[in-house]
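Every number for a ligand or one of its atoms is a count from 1 in the order of the listing.
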Amino acid sequence: MSSEASAVWNECLRVIEQHVNEQSFSTWFKPINPVKLEGTNLTIQVPSQFFYEWLEDNYVQVLKLAIKTTLGQGGRLEYAVVVDRGNSSNQPYVVSYPQGNNGKKGGPSAAEEQRTPFEMKSLDAEALTQSNLNPNYTFSAYIEGDCNRLARSAGFAVATKPGITSFNPLMVYGGVGLGKTHLVQAIGNEIKNGPEDKFVLYVSSEKFVNQFMDSIKDGNVKSFTNFYMQVDVLIIDDIQFLAGKDRTQEMFFHIFNHLHQNKKQIIMTSDCPPRDLKGLEERLLSRFKWGLTADLQMPDFETRVAIIRRKMQSEGIYIPDDVVEYLAYTVDTNVRELEGILISLIAHASLSRVEISLELAKTVMKNIIKDIETEVGIDYIQKTVSEYYGIALDDLKAKTRKKEIVVARQVAMYFSKEFTNHSLKSIGYHFGGRDHSTVIHAVQTVNDLMETDSSFRNAVNELKKKFKMRSY
Ligand SMILES: Nc1ncnc2c1ncn2[C@@H]1O[C@H](COP(=O)(O)OP(=O)(O)OP(=O)(O)O)[C@@H](O)[C@H]1O
C-alpha cells in the first residue's frame, strides 16, 4: 500500500465521515484499503463484488464528493475487487470511477454482467431509507385496540431494548391487511430514530429468497451471509413464503442463530401462527418459539372508527360522523380494505365535486363491495323480506315491536347472517342500530320456529330460494 494513497484515502474518509452515520462508516468504509495513487487516480480495494455494488448503489454521491474534495475535478476512483467466487483466484479486477452514463463505465464486461447480485438497488429507492423502511409506518400512526394490544406493546418493548428483551425473536402473525407490516416497520423506525446507532434492515421473505438464489448463481453466498450477519435488527416479513424452500431455510437458520447468539433482534411476520406454518423445518419453528408470538385480529368497531379518523386527519379531510360510523360498521374485513374504500370515497367526492355524505358513501360501497345490492346484500335482503311480508322497509329498521314486523325483521337478520359476510355487529347496525345479541337471538328464534311451525318454515324456504338463485 502506498503511503500517498493512504494519505489521500484518509482525507477522503474525513469527508465521508461527515456524511454517513457511524454504523455505515464502520461497515462500508473502514474495510476499504487504499492500494495506489497514480496522478489523480486513486485505487481502493474492496472485499467483494457485493461490497463494491453496495458502495456504488448507496454511496456514490458521497464518494464523488470525497474524491473531488481531495483530488480536485480530475480525480478518479478505481476499485480493486477481491473476487470471492468459490475457488477462483484472488486476482483483483478493476472498475474505474467516475464512470460514464449511469455511472457504469470502465469496468470489465464480466463485472457488468455480475451486477446487482441481490437486487440491493431496490433498497436504495428514493423514498426509503437504507433500511428499506417506510417512514410513515410509525407507532403514533398505529392505532391501538384490543385487536393488537399485546403485539403493539411487545413491539414497543422491543423497540426500546432491541435484542435484550425476552421477545427475541418477535413473531407477529395475522390475516391479510391487518397491520403486520406496519407494526414491524414501526419497530424498525423507532429503533432507527432512537439514540443508538443500529443497523436495522427490513426485507420481505420473497426478496430474501431471491437474493439468496442470486447469490448462489453468482457465487456470492459468502457475501450474502456476511451482509445479513452484520445487521443489528433484522425484520423479515411474510416468513410463510420460506415454506418448501429448504436451502433458503438452512441459510436463514444459520443467520438466525448468529444474530440471536449475538443478541441482535429478529422480528418476523407470518400469515398464521408458527404451529400452522407448513413446509418449515422443525428446528426453525422451535426457534421461533424462543421469543414471543403475538397475533393481530380485525380491529373492533371503535378501533376502526379511530383508524378512519386518524387517516382522515392525516389527509386533512373532514368526514361527517354518520359516514365514519357507517364505514366502520360496514367494512369489517380488514384494514387495507377499509383504507381502500376511504380513498375511493375521497376520490369520488373530489371528482364529482360533492361533499362526502352518507348517500355518497353508500353509492361508493355498492360499487366496491360485491355483496351489497349486486348480489345478496343486507339492503337486498331487507327489501325482499319486507315485500314478501307486505310491510314497509323502514319498519324493519325501526323500533316497532308489532309481532308481524318483529318476525319479518328476525327473518331478514337470519338471512343477512346466512348470505352475507357481515359480522353480527354490522348486521345489527343495519337494522336500526341493534346490538349483536339481538341478531343472535333472531337467528335462534328463526331456527326454532322452522322446527315447530311448518307454514313459517315454508315461507323461509321460499325466500331462501330467491336468495340462493341470486347468489349464484
Ligand atoms: N392499527 C392500525 N392503525 C392504523 N393503520 C393500520 C392499523 N392496522 C393496519 N393499518 C393500515 O392498514 C394497511 C394494511 O396494513 P399492513 O400492510 O401492515 O397489513 P399486513 O398485515 O402486513 O398485510 P399483508 O398480509 O397483505 O402483508 C396499512 O396501510 C396500515 O397502515
Side-chain angles (χ1 to χ4, degrees), residues 125 127-129 131-159 169-190 200-210 234-243 266-274 276-278 280 293-317 319 324 327-347 368-369 423:
L128 302 172
T129 69
S131 294
N132 208 20
L133 294 168
N134 177 343
N136 297 324
Y137 285 161
T138 58
F139 275 106
S140 60
Y142 196 70
I143 305 293
E144 185 174 350
D146 288 345
C147 54
N148 59 28
R149 206 173 312 280
L150 172 68
R152 192 181 190 280
S153 58
F156 202 75
V158 163
L170 175 67
M171 159 79 96
V172 176
Y173 74 89
V176 171
L178 291 185
K180 300 183 291 294
T181 303
H182 185 142
L183 177 60
V184 295
Q185 291 215 10
I187 303 172
N189 278 316
E190 188 78 16
V200 180
L201 185 72
Y202 167 88
V203 66
S204 70
S205 295
E206 185 175 1
K207 192 164 189 179
F208 184 83
V209 171
N210 292 337
L234 177 63
I235 306 171
I236 179 153
D237 209 352
D238 289 324
I239 203 85
Q240 74 278 357
F241 193 79
L242 298 190
I266 302 147
I267 302 164
M268 295 175 287
T269 75
S270 154
D271 66 353
C272 62
D276 295 339
L277 277 170
K278 305 272 177 295
L280 252 77
T293 300
D295 70 328
L296 296 178
Q297 299 286 339
M298 177 60 192
D300 55 24
F301 171 73
E302 287 75 18
T303 315
R304 296 203 290 274
V305 167
I307 290 174
I308 297 172
R309 293 230 160 92
R310 176 73 173 65
K311 184 86 193 156
M312 293 298 99
Q313 197 188 354
S314 66
E315 302 283 336
I317 287 170
I319 290 199
V324 174
L327 294 176
Y329 265 115
T330 319
V331 189
D332 52 7
T333 44
N334 68 59
V335 185
R336 185 174 296 120
E337 192 157 306
L338 186 59
E339 286 189 348
I341 286 168
L342 271 175
I343 291 164
S344 296
L345 181 58
I346 297 167
I368 295 172
I369 295 192
S423 63

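No part of Cys147 comes within 4.0 Å of ligand 1, judged by heavy-atom distances. Contacts of Lys311 with ligand 1, taken as heavy-atom pairs under 4.0 Å, are absent altogether. Counting heavy atoms under 4.0 Å from ligand 1, residue Asn148 touches it through the side chain alone.
Of all the atoms in ligand 1, the ones that sit under 4.0 Å from a non-hydrogen atom of Tyr137 are 28 (C), 29 (O), 31 (O). Short contacts between ligand 1 and Ile307, defined as distances under 4.0 Å to a heavy atom of the residue, involve ligand atoms 1 (N), 2 (C), 3 (N). Near Ile143, with a cut-off below 4.0 Å to any heavy atom, the atoms of ligand 1 are 1 (N), 2 (C), 3 (N), 4 (C).
Closest non-hydrogen pair, Ile308 versus Ala328, comes out as CD1-N, 3.8 Å. For Thr293 against Pro274, the heavy-atom pair with the smallest separation is CG2-CD, 3.7 Å.
For ligand 1, the polar-atom distance check against Gly179 finds a nitrogen or oxygen pair separated by under 3.5 Å. Looking at ligand 1, you'll find an N or O of Leu178 within less than 3.5 Å of one of its N or O atoms. Checked by distance only, ligand 1 and Tyr142 stay at 3.5 Å or farther apart across all their nitrogen or oxygen atoms.
With hydrogens left out, the protein atom closest to atom 22 (O) of ligand 1 is Thr181 OG1, 2.7 Å, a heavy atom. Among all non-hydrogen protein atoms, the one lying nearest atom 12 (O) of ligand 1 is Val335 CG1, 3.3 Å. Counting protein heavy atoms only, atom 18 (O) of ligand 1 is closest to His182 N, 2.8 Å. From the protein, the heavy atom lying nearest to atom 25 (O) of ligand 1 is Lys180 NZ, 2.8 Å. The protein heavy-atom contact nearest to atom 17 (O) of ligand 1 is Arg336 NH2, 2.9 Å. The protein atom (non-hydrogen) at minimum distance from atom 13 (C) of ligand 1 is Glu339 OE1, 3.6 Å. Nearest protein heavy-atom contact of atom 4 (C) of ligand 1 is Ala141 O, 3.2 Å.
Rounding to the nearest 0.5 Å places OG1 of Thr330 at 10.0 Å from CG of Leu338. With rounding to the nearest 0.5 Å, the separation of CD1 in Ile239 from OG in Ser204 is 10.5 Å. The structure places NZ of Lys311 at 13.5 Å from CG of Leu327, a figure rounded to the nearest 0.5 Å.
Ligand 1 is approached by Val176 to a heavy-atom distance shorter than 4.0 Å. Using a 4.0 angstrom heavy-atom cutoff, Gly175 counts as in contact with ligand 1. Using a non-hydrogen distance threshold of 4.0 Å, Gly177 registers as a contact of ligand 1.
Using modelled atom types and a 3.5 Å distance limit, the side chains of Asp237 and Thr269 yield a donor-acceptor pair. Side-chain contact, Asn189 with Thr138: no donor N or O sits under 3.5 Å from an acceptor N or O.
Formation of a donor-acceptor pair under 3.5 Å by the Gln240 side chain with backbone atoms of Asp271 is found in this model. Here the side chain of Lys180 pairs a donor or acceptor atom with the backbone of Gly174 at under 3.5 angstrom. Under the 3.5 Å distance criterion, the side-chain polar atoms of Arg152 are matched with a main-chain donor or acceptor of Tyr142. A donor-acceptor distance shorter than 3.5 angstrom exists from the side chain of Ser205 to the backbone of Asp238, with no hydrogens or angles considered. A donor-acceptor contact shorter than 3.5 Å links the side chain of Asn148 to the backbone of Gly145.
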